[in-house]
Amino acid sequence: MKLTCDRALLANAIAGVSKAVTQRSSIPVLEGILMKAEGFSLTLTGYDLEMGITTTIEANVLEPGDAVLPAKLLGDMVRRLPSEEVEINAQDSGATTIKGGITEFDIMGLNPGDFPDLPNPGADKTLDMNTADLQEMVDTTLFAVSTDDKKPAHTGALFSITPEQLTVVALDGYRLAIIHKPVMATKEIDIIIPAKTLSEVVKLFGEEDEVVHISANRRFVVFATQTYTVISRLIEGEFLDYTRVIPEGYKTRVTVDVRDFSTTIERASLIITERLKNPLRVLFDDHITVRCQTTLGKVVDELPAEIEGEPVEIGFNNRYLLDALRYSRCDKLVFELSGPLSPVKVLPKDGGDFLFLVLPVRFKND
């Protein structure tokens, strides 16, 4: 394989597909990027057996062929070359020369025959959506995905697709995040996408305002734009019937300023550490009073709020409460409370497409 191409274009492509490259693997070839040159293009692929990312860039191909080069080393070399153009010459033996300007690197590649084929997902085109909408849906929910492997289905986000709507749901047993968007889909399907896949997809697609084509079946999902294609295995298992845990109605309704409430919670959290995880006591009366006490000290803070209904005091994990405020990306939020031990609904004040649920913490003396 022998080619020349734009250095910046190649550096960006390497960075993109590297998100699917295994850093340390018992299979050495998975630490590399597969490069295939033919015609006037170079296709790069990273694959960790769970997620694969491919992209194609323009190249002047002098000798078609393929090679697998160590991802991190290749990225570092190309990024630091002093020229605008890079030349890559890979021999059948694996010996590869990477040249830019007066700088020349000689490295050994891996056998491209050992690089595993990407699965053929056979996934039907399911829906198209704007990358900005996809990013908003993922960013608004991914914080609530479980990191506990005991329930594998909850380590990903549920994409519930109907012909008119996409609903994304994430939960970890302590909080829940739901967001809806109108779409035009070709079929109805529920799939659970790994959190890592979604995190990398929004990083890859977040820069451009373009359409992402989503194809899915029971085993795979494919996200494709003009620049990148991401294929990922899905998580198998039963996702919780989240509709059953959302309380109906409320006894207390609180409208808060997100910035002010966040600042208050952050101040109260100063005496909470990984070792000292006492809950916040939050009293909703004619205003909000936040209390906390650990062996580091004691804090009492207040802030005004619009409160309707019965006074109630609820215990909160400070981080879960802060996450709900932060990821709402709203100026004003509504908290709907049904009692000291009932899940708290968090909604946008001006109407919107998301709902958060935060479970209260029971006080030790209750």
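Nothing fancy with the numbering, it's 1 onward along the sequence.
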Can you pull the side-chain hydrogen bond (donor to acceptor under 3.5 Å, both in side chains) pairs that have at least one residue in [range], sequence neighbours excluded?
range            : value
residues 347-360 : K181-D353
residues 72-83   : K72-D76, D76-R79
residues 24-42   : none

Once side chain to side chain contact (heavy atoms under 4.5 Å, CB included) is applied, do any residues pair with [X], and if so which ones, sequence neighbours excluded?
X    : result
A324 : F356, V358
D148 : S146, K150
T96  : L69, I88, A90, I98, I107

Any side-chain heavy-atom pair of [X] and [Y] under 4.5 Å:
X    : Y    : value
L30  : I27  : yes
I288 : V254 : yes
L73  : F105 : no
L337 : Y250 : no

Residues that, via side-chain heavy atoms closer than 4.5 angstrom, fall in one hydrophobic cluster with L355:
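Members alongside L355: L158, V169, L171, L176, I178, I192, I235, F239, L240, Y242, V245, I246, L347, L357.
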Count the heavy atoms belonging to other residues, nucleotides or ligands that lie under 6.0 Å from CZ of R329, then report whether that count exceeds 12.
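Atom CZ in R329 is crowded, with more than 12 foreign heavy atoms closer than 6.0 Å.
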Could you list the residues that satisfy salt bridge (Lys or Arg N to Asp or Glu O under 4.0 Å) with [X], not counting sequence neighbours?
X    : answer
D48  : K196
D114 : none
K332 : none
D257 : none

Relative to each other, are the rings of Y228 and F205 parallel, tilted or perpendicular (30° and 60° limits)?
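Tilted: the ring planes of Y228 and F205 meet at 30° to 60°.
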Please verify the inter-ring angle class for F261 with F284; under 30° counts as parallel, over 60° as perpendicular, anything in between as tilted.
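Correct class here is perpendicular.
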K345/E336 ion pair, N-O < 4.0 Å
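Salt bridge: yes.
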Is R259 salt-bridged to D331, going by a charged N under 4.0 Å from an acidic O?
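No.
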Determine all donor-acceptor pairs shorter than 3.5 Å in which one atom belongs to a side chain in residues 264-277; sequence neighbours excluded.
unit_1: T264; atom_1: OG1; unit_2: D260; atom_2: O; d: 3.0
unit_1: R267; atom_1: NE; unit_2: D301; atom_2: OD2; d: 2.7
unit_1: R267; atom_1: NH2; unit_2: D301; atom_2: OD2; d: 3.0
unit_1: S269; atom_1: OG; unit_2: I265; atom_2: O; d: 2.7
unit_1: S269; atom_1: OG; unit_2: N318; atom_2: ND2; d: 3.0
unit_1: T273; atom_1: OG1; unit_2: R275; atom_2: N; d: 3.3
unit_1: T273; atom_1: OG1; unit_2: L276; atom_2: N; d: 2.9
unit_1: E274; atom_1: OE1; unit_2: K277; atom_2: NZ; d: 3.4

So, for G339 and V312, which heavy atoms are closest and what is the spacing to 0.1 Å?
C-CG2, 3.9 Å
For A170 and T141, which heavy atoms make the closest approach, and how far apart are they?
CB-O, 3.2 Å
CA sep, side-chain torsions, deciding dist, call: Q165, H180, side-chain contact (heavy atoms from CB on, under 4.5 Å):
CA-CA 7 Å; Q165 182 173 268; H180 309 278; 3.4 Å; yes
